[in-house]
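Inspection log for the structure reproduced underneath, given as structure tokens.
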Number of protein chains: 2
Amino acid sequence: MSQHRHPGAPGRAGAVPALPDLPEATVARLPEYLRALHALADTGHETVSSEGLANAAGVNSAKLRKDLSHLGSYGTRGVGYDVTLLIEQIESVLGLTQCRSVALVGVGNLGHALAGYDGFASRGFRIAALFDADPSRVGEEINGLVVRHVDELARVAVEESISIGVIATPAPAAQAVADQLVAVGVTSILNFAPCVLSVPEGVDVRKVDLAIELQILSFHEHRKASLTALPGGLAATDTQEAIGT
Amino acid sequence: MSQHRHPGAPGRAGAVPALPDLPEATVARLPEYLRALHALADTGHETVSSEGLANAAGVNSAKLRKDLSHLGSYGTRGVGYDVTLLIEQIESVLGLTQCRSVALVGVGNLGHALAGYDGFASRGFRIAALFDADPSRVGEEINGLVVRHVDELARVAVEESISIGVIATPAPAAQAVADQLVAVGVTSILNFAPCVLSVPEGVDVRKVDLAIELQILSFHEHRKASLTALPGGLAATDTQEAIGT
DNA sequence: AGGCGCTTGTGAAGAGGTGCACAAATCGCG
DNA sequence: CGCGATTTGTGCACCTCTTCACAAGCGCCT
């Protein structure tokens with residue numbers, strides 16, 4: 001119930017694609033499922049029920065089933081999901097079957113750590129190039145890669161066929177870097193700089209701001225402190241967060 | 001500074017606190033508004049319209065107004081919002097009027113960068129203690145702080161009145177660390193380890209997984225590639241993402 | 001003083017996501 | 001071979017969040 005993409009003649013739309021137009025919330029959870037599935041595969045599990053996988057991924061089992069149903073029917077009723085098959089499907093949908101090359105701009109405090117983070121490589125991403133605007137940093141070698149000057153971005157990006165750009169510069173430099181990335185054809189950007197990037201339509205930007213995460217926690221901490229200050233009443237009723245047990 | 005709220009008084013009871021039970025989506029955006037407001041204040045602006053602030057924060061102006069309206073009416077029709085006043089209000093709601101102490105566990109690649117990240121201090125958080133389980137790392141000094149063994153967590157946490165724990169350990173160690181943090185009374189955790197933490201009710205966990213962000217971008221990249229591969233038709237219609245100009 | 005333009009605050013409609021509950025499907029076993 | 005146990009896939013109701021559109025409010029200018 002999912003194959004009818006376009007009966008026309010897309011000549012080349014043969015095997016993989018399908019492009020099921022997934023809900024954004026589902027897309028955001030698929031990587032988590034994928035991680036849980038890899039963990040299950042490593043411990044020898046061949047199949048897993050929606051309940052089991054949902055637990056491992058920290059979500060509701062009905063939500064998980066609905067998410068997976070958007071990719072097609074890859075489960076067996078009464079049995080569960082084939083771990084290996086499901087991994088293949090999710091990786092295919094996420095476009096992880098090819099190794100994607102990442103360019104990292106800004107090799108300061110955070111960028112340095114990102115350049116050395118092995119969680120990228122282990123999940124199919126290759127950091128292909130490092131850049132910085134500071135001449136004193138250019139030439140430094142990190143994890144087997146030499147830092148180049150950001151002016152070389154255009155040339156190197158083509159050579160290495162970069163598909164994702166990561167910005168780890170200070171905020172004032174981020175927009176200029178983003179513009180350069182867009183100019184060389186990068187259409188996906190992960191931004192660690194605490195600022196809003198403006199990019200043309202068709203370019204995806206995801207932002208990670210570490211301080212914001214702390215501030216959100218601070219709010220909840222603040223709220224909890226206020227509630228427990230109340231003697232009785234509605235203190236206990238509305239605290240339900242992360243999965244318990 | 002935690003005033004109670006009357007269970008049955010819909011009007012505005014006290015002055016500052018109110019605890020307006022903000023929507024979660026609003027809470028997540030307030031820090032972004034705060035950052036934009038600080039930038040405006042630094043450039044000499046005394047007031048700002050919802051349109052202006054919304055632009056600076058990268059959101060829709062109606063959404064911004066609704067978000068702010070949840071805190072109360074701090075704008076002036078025909079004029080806009082007083083930047084300084086709004087900063088104070090948001091900081092108050094987020095519980096940033098007091099400096100919160102953070103314990104960072106795991107001083108590996110990423111933890112090292114977090115320990116040196118000045119974006120925390122500049123936004124009201126104090127990294128009060130560093131921990132690691134690796135004896136060879138204990139004693140190392142980072143940014144003026146000495147790394148202690150994780151077994152000292154209980155004692156130090158009380159001494160430094162830690163209110164937020166940050167986990168930057170490898171995944172296998174994360175759950176044990178979380179348990180220890182919870183045991184010493186920490187009720188807010190920021191988890192960088194790629195795994196699901198299980199914590200008792202009343203403890204908030206936020207997760208940041210750098211690889212997941214890349215995988216989400218990978219999906220969109222994959223989707224865009226498939227769409228442009230199709231000759232005609234639905235290629236142009238459904239690409240709308242980050243703010244454009 | 002009065003009108004005019006600008007901006008906020010909000011009601012209402014719509015879109016999207018969540019979780020329940022159950023029918024349909026599959027396997028294992030007697 | 002049929003039955004019961006198990007688990008998926010999904011219709012539906014609920015809920016949160018988003019967005020539009022506009023009345024109410026405010027300051028400024030004449």
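Each chain gets a letter, A, B and so on, in the order its sequence line appears, and its residues count up from 1. These values consider heavy atoms only, across backbone and side chains, with no hydrogens, waters or symmetry-generated copies.
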- Note on the structure: Here the distance between atom C1' of D:dT16 and atom CG of B:L22, to the nearest Å, is 14 Å

- Choose from C:dG17, D:dC17, D:dC20 the nucleotide whose nearest atom is closest to any side-chain atom of B:A62. D:dC20

- Message: Has B:R100 got a side-chain atom pairing as donor or acceptor with B:G95's backbone, closer than 3.5 angstrom?
- Response: yes

- Task: Go through A:N55 and A:E51 one step at a time and tell me if the side chain to side chain donor-acceptor pair (under 3.5 Å) criterion holds.
- Result: CA-CA 6 Å; A:N55 264 2; A:E51 190 73 29; 5.0 Å; no

- Query: So which nucleotide from C:dT10, D:dT18, D:dG9 ends up closest to the side chain of B:S69?
  - Reply: C:dT10

- Polar side-chain atom of B:S218 near backbone of A:L94 as donor-acceptor pair, under 3.5 Å: yes

- Side-chain donor or acceptor of A:R77 under 3.5 Å from a matching atom on the base of D:dT8? yes

- Message: Donor-acceptor check, side chain of A:S49 to backbone of A:G52, threshold 3.5 angstrom: yes or no?
- Response: yes

- Query: Heavy atoms under 4.0 Å, any strand shown: does A:E51 hit a base, just sugar-phosphate, or nothing?
  - Reply: nothing

- Message: Expressed as a whole number of angstroms, how long is the span from B:L86:CG to C:dT8:P?
- Response: 11 Å

- Query: NZ of B:K63 versus C1' of C:dG14: gap in Å, rounded?
  - Reply: 15 Å

- Whole Å only: how far is the CG atom of A:L64 from the P atom of C:dG19? 12 Å

- Message: Checking contacts here: which listed nucleotide (D:dT18, C:dT26, C:dT18) is nearest the side-chain heavy atoms of A:T76?
- Response: C:dT26

- Message: Expressed as a whole number of angstroms, how long is the span from A:Q89:CD to D:dT8:P?
- Response: 17 Å

- Task: Please determine if a side-chain N or O atom of A:Y81 lies less than 4.0 Å away from the OP1 or OP2 oxygen of C:dT26.
- Result: no

- Gap between atoms CG and C1', on A:L68 and D:dT7 respectively (whole Å): 13 Å

- Any B:N60 side-chain N or O less than 4.0 Å from OP1/OP2 of D:dC20: yes

- Message: Using OP1 and OP2 only, check whether a side-chain N or O of A:R65 sits under 4.0 Å from C:dA21.
- Response: no

- Can you find an N or O donor on one side and an acceptor on the other, under 3.5 Å apart, linking the side chain of B:K66 with the base of D:dT18? no

- Let me know the distance between CG of A:D67 and C1' of C:dT18, rounded to the nearest Å. 10 Å

- Within less than 4.0 Å of OP1 or OP2 of C:dG9, is there a side-chain N or O belonging to B:S73? yes

- Query: To the nearest Å, how far apart are A:D82 CG and C:dC27 C1'?
  - Reply: 16 Å

- Query: Any donor and acceptor pair, going by atom type alone, linking the side chain of B:K207 with main-chain N or O of B:L190 inside 3.5 Å?
  - Reply: no

- Note on the structure: Regarding the side chain of B:S50, the nearest nucleotide among C:dC20, D:dG27, C:dT8 is C:dT8

